[in-house]
Protein chains: 2
Amino acid sequence: MLDERKSAILRAIVNQYISTAEPVGSTHVAKYDPGVEVSSATIRSEMAQLEREGYLIQPHTSAGRIPSDKGYRYFVDNLSTPGRLGPTQRQEVKEFFSTSHFAIETMLHDTSRLLAALTSQVGVVIGAVPGATTVVGAQLVKLSPNSGVLVFILSSGDVERIEIEIPDGTDEILIQEASGYIQRCLVGTKWGSACGKLDEVTDPQLDGIIRNCQSALRAAQDRNKINPSSNHVFVDGASHITDAFGAVDTVRNILSILEQQYLVVSLLKDILDRGSSVSIGSEHGEARLADCSIVVAPYSKDGEPVGTIGILGPTRMKYSEALATVAIVGNQLTDRLSETN
Amino acid sequence: MLDERKSAILRAIVNQYISTAEPVGSTHVAKYDPGVEVSSATIRSEMAQLEREGYLIQPHTSAGRIPSDKGYRYFVDNLSTPGRLGPTQRQEVKEFFSTSHFAIETMLHDTSRLLAALTSQVGVVIGAVPGATTVVGAQLVKLSPNSGVLVFILSSGDVERIEIEIPDGTDEILIQEASGYIQRCLVGTKWGSACGKLDEVTDPQLDGIIRNCQSALRAAQDRNKINPSSNHVFVDGASHITDAFGAVDTVRNILSILEQQYLVVSLLKDILDRGSSVSIGSEHGEARLADCSIVVAPYSKDGEPVGTIGILGPTRMKYSEALATVAIVGNQLTDRLSETN
DNA sequence: AGTTGGCACTCTGTACAATAGAGTGCTAGA
DNA sequence: TCTAGCACTCTATTGTACAGAGTGCCAACT
C-alpha cells in the first residue's frame, strides 16, 4: 500500500503519461497537478522511491518517469475513479442497441465495431458457444443427387448447418422420412448430447441415412470442441493500434495476434477466469502484447454467461473510460439478448 | 509499345525493384541483368526516355529509377512471364481443398487464410451472394412466447435465418401450421422473389403470423441489397502489410480500408467488371491504396460466378506469382463448390 | 547514327561535434 | 521533514563535412 502522497504522485504521473505519452518529470507534477502540493524536489525523492519499489520506470537517466505495469495495476485497482460515459457516447450505445439487428452474428460483429468506435481502440467480441442450448427445430434437405444439408435450429436462435453425404439413388420420400424422424428424435434434446439420441430404425435404407447424419453430427461437434468457436470471434478497429504505436514492429506483433483468433479467445477467457476485468502489459503472458492492455466484460443471456467482449489498446490507455464502456456495452448486450424471453 | 531494348530495361528495373525495394541505377541493370547487353550510359539515356514517357519515376535527382504505375501496368500486360506455383505451394493448395470443410462460411474464411499464407500478403474472399438460388427448405420455430426464427435452406447450401415477432398467445399448433404453409408456398421458388409468394390465408390468426413473416422476409432481403453481403467478406493476413510498408501511416490507411468491408467488395467488383484481374496503384481510385495493387479472380459454382477472391499487397509485388496463386485457388474453390452436384 | 567512356554535378545518408533543454540526485539550510 | 540550489547526465537537434551512388552530357569511336 502506498501512502497518501505517493498515491497522489503516482496518480498524477499515470494521468499525465496517458494523455501526453511523454515521460513525466517532477516539475510537471509539481506545477500542473492540483492534487500534489509539495515542491519538485520532494516529488523527486518520492519518485526515486516509487521507482525502487517497481511502480515507475525511467527510460534513461535524465528523463522523466513512466508507469510500469505494476504502476498501472496499482492505479487501476486503487487510484482510478470509476468513469462515466459522456452523453454523446451514451446516446451512441443506446441508439445502437435500439436499432434492430436480425442475425445474432451480425449484431455481435457490429458490437465489436461499436466498441472500437467508442474507445478508438480494437474492439473484440467473442460469440456465444452453443452447448447447453436445446434443439428446437431440425430439417434434412437434399441439395444434389448425393449431398444434402442438415439444419438445426437452437433455442439460442442460432442455426447449425451440417453437410452430409447421401447414398446414390435415395429418393425424395426417404429424405423426408429421415427428416421427420430426426425432428421427432432430436427436437427438445440438449444440443450437446444430440448425436447420441438417434436410435436405430428398422428400415435398412433409412437407417443408412440416419447413420450418415449421426456421424456427420458427431464430427461437427468434435470439430467445434477442438477449435472452439473459430467463427465466433469478431475483431474491429485494428487500424487504431497504428495511432497508439509508432513502431511498425509493434503493430505487426499485435496484428499477428489478432489474426490468431483462438489466441484471442484464450486471452480474454484467461482474464475472466482470473476473476479480473483488466489485464495490463505482461500480465497476460504473451510477449507480443507486452505494451498492450485488455479490458473485458462478460455478457449473458437469460442469466447465464455466454460470451465476452473486450477492447485491446496500449497500456497507456484511459482505463476508467475503457472499463465504463465495456461494462455498459456488456450490460446492454445482455439486455438485448435476454429481452425476447 | 516499347521497342525490344526498352522492354528489356523496364523488365530488368521492375524485377530488380521488386526484389530489392531500392531504386535501380543504370549500372545495376548493365552489370547484373543478362537480358541487357549494352553499357550503362546507353541504359541511362533509355531510362531518361522511359521516364519522360511515364514508365519510370526518379525519387530524386541522384537516385536510381523505380517503376511508375504505368510501368508496372506495362510490365504486367506485356513483360511478365506467366508464373507457376512451386511444388510446396501446389501441395499446400491441394491439401487445403482435400480437407473437408463443413460450412461454406468456414471454408471461405479459411480460403482467405490460405491466400495470405501462400502469398505473404493480405488474402480477401468475398462470399457468394444468394439471389438466383432456390429455396429447398423452410421452417418456422418458436423461441420464446413472442419471438421466433424463420429458417430457409437454399439450393446453394446456405442457410438464411430471420428473426420474427410472434403475437402473444400464439400456440404451438398454429406455429406448426404456419411453418407447413410457408414450406408449401416457398420451397421450390427463387429466393429473390420469395417474399411475393405468400398468399393470403383465410384463418385470420394464421394470416397474422404469415404477414409478420412476409414483412420480416422483405426487410431482410432489402437489408441485404443495401448492404450487400456485409458478413460475407473474409480478410486475413493483414499483418503482412507491415512487412511491405515501413510507414505506420500507410499501414493505418490500408487497415482502415480493410475494415470497411463494403469498400473492399466494391473495389474487387470494379476490377472484375473492368474485365481485368490486376489493379495497380492509383488505378483503383482509392487514394489510401495508392501504393497497393490488388490481384483478383472470380470463382463459380455450377458454371455461374458467385464470388471473388483476391490478394492485396504493395505495388512492388510479384505479379506473376500472385496471378498464378489467385487463379489456382479460384479454380480449386470452383471445383470444390461444384463437385457435389 | 548509334554507342560508349569519361567527367562534372547533384543529392542522400551518415558520422561527428557542439549546444540547448529537461530532468535527476544530492546536499546544505530553513 | 521539506526545499532551494547546483552539478551532472542524457537526449534531441542542428550544422558541417564527406563518402557513395547515380545522373546527364559530351566528345570520341565504330
Side-chain angles (χ1 to χ4, degrees), chain A residues 2-10 12-68 71 246-247 316, chain B residues 2-10 12-68 71 246-247 316:
Chain A
L2 298 177
D3 64 46
E4 191 55 43
R5 197 166 69 188
K6 279 206 180 60
S7 289
I9 292 174
L10 179 56
I13 291 175
V14 172
N15 280 330
Q16 283 198 35
Y17 184 65
I18 282 174
S19 63
T20 64
E22 295 290 326
V24 184
S26 53
T27 332
H28 276 304
V29 177
K31 259 194 188 163
Y32 303 112
D33 198 290
V36 184
E37 293 282 7
V38 287
S39 81
S40 67
T42 312
I43 295 173
R44 274 203 288 287
S45 86
E46 296 280 46
M47 279 163 84
Q49 244 179 296
L50 281 169
E51 185 177 358
R52 249 169 278 133
E53 292 168 36
Y55 294 97
L56 295 177
I57 290 171
Q58 197 172 24
H60 55 85
T61 326
S62 73
R65 307 302 212 288
I66 65 176
S68 66
R316 187 179 90 62
Chain B
L2 299 177
D3 64 43
E4 191 55 43
R5 197 166 68 186
K6 280 205 181 57
S7 290
I9 292 174
L10 179 56
I13 291 175
V14 172
N15 279 331
Q16 282 197 35
Y17 183 65
I18 282 175
S19 64
T20 64
E22 295 290 326
V24 184
S26 53
T27 332
H28 275 304
V29 177
K31 259 193 186 162
Y32 303 111
D33 197 291
V36 185
E37 292 282 8
V38 287
S39 80
S40 67
T42 312
I43 294 174
R44 273 204 289 287
S45 85
E46 296 280 46
M47 278 163 83
Q49 245 180 292
L50 282 169
E51 184 177 359
R52 248 169 279 134
E53 293 168 35
Y55 294 98
L56 295 177
I57 290 171
Q58 197 173 22
H60 56 83
T61 327
S62 73
R65 307 300 212 288
I66 64 177
S68 67
R316 187 179 90 62

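Note that the structure is predicted; figures quoted are calculated from it, not measured. Naming convention: chains lettered A, B, ... in sequence-line order (proteins, then strands); numbering from 1 in each chain.
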Q: What's the closest nucleotide to the side chain of B:Gln58 if the choices are D:dG5, C:dG25, D:dG24?
A: D:dG24

Q: Any donor-acceptor pair under 3.5 Å linking the side chain of A:Ser68 with the backbone of A:Tyr55?
A: yes

Q: Between D:dT23 atom P and B:Ile57 atom CD1, what is the distance in whole Å?
A: 15 Å

Q: Could you write nucleotides 7-13 of chain D as a row of B, S and -, 5' to 3', where a protein heavy atom under 4.0 Å of any base atom gives B, of only sugar-phosphate atoms gives S, and otherwise -?
A: --BBS--

Q: Between atom OH in B:Tyr32 and atom P in D:dA21, what is the gap in whole Å?
A: 10 Å

Q: In whole angstroms, how far is the C1' atom of D:dA4 from the CD1 atom of A:Ile43?
A: 14 Å

Q: Which is true for B:Ala63 with a 4.0 Å heavy-atom rule: it touches a base, it touches only sugar-phosphate, or it touches nothing?
A: sugar-phosphate

Q: Which of the following nucleotides, C:dG25, D:dA4, D:dC2, is nearest to the side chain of A:Thr42?
A: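 From the listed options, D:dC2 comes nearest.
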
Q: What is the separation between atom CZ on B:Arg44 and atom P on C:dT10, rounded to the nearest whole Å?
A: 16 Å

Q: Please tell me if A:Arg65 has a side-chain N or O lying less than 4.0 Å from either OP1 or OP2 of C:dG25.
A: yes

Q: Using OP1 and OP2 only, check whether a side-chain N or O of A:Arg5 sits under 4.0 Å from D:dC2.
A: yes

Q: Base, sugar-phosphate alone, or nothing: which one does B:Ser26 contact when heavy atoms must sit under 4.0 Å apart?
A: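 Here B:Ser26 touches the backbone only, sparing every base.
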
Q: To the nearest Å, how far apart are A:Glu46 CD and C:dG25 P?
A: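 Roughly 12 Å, once rounded to whole Å.
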
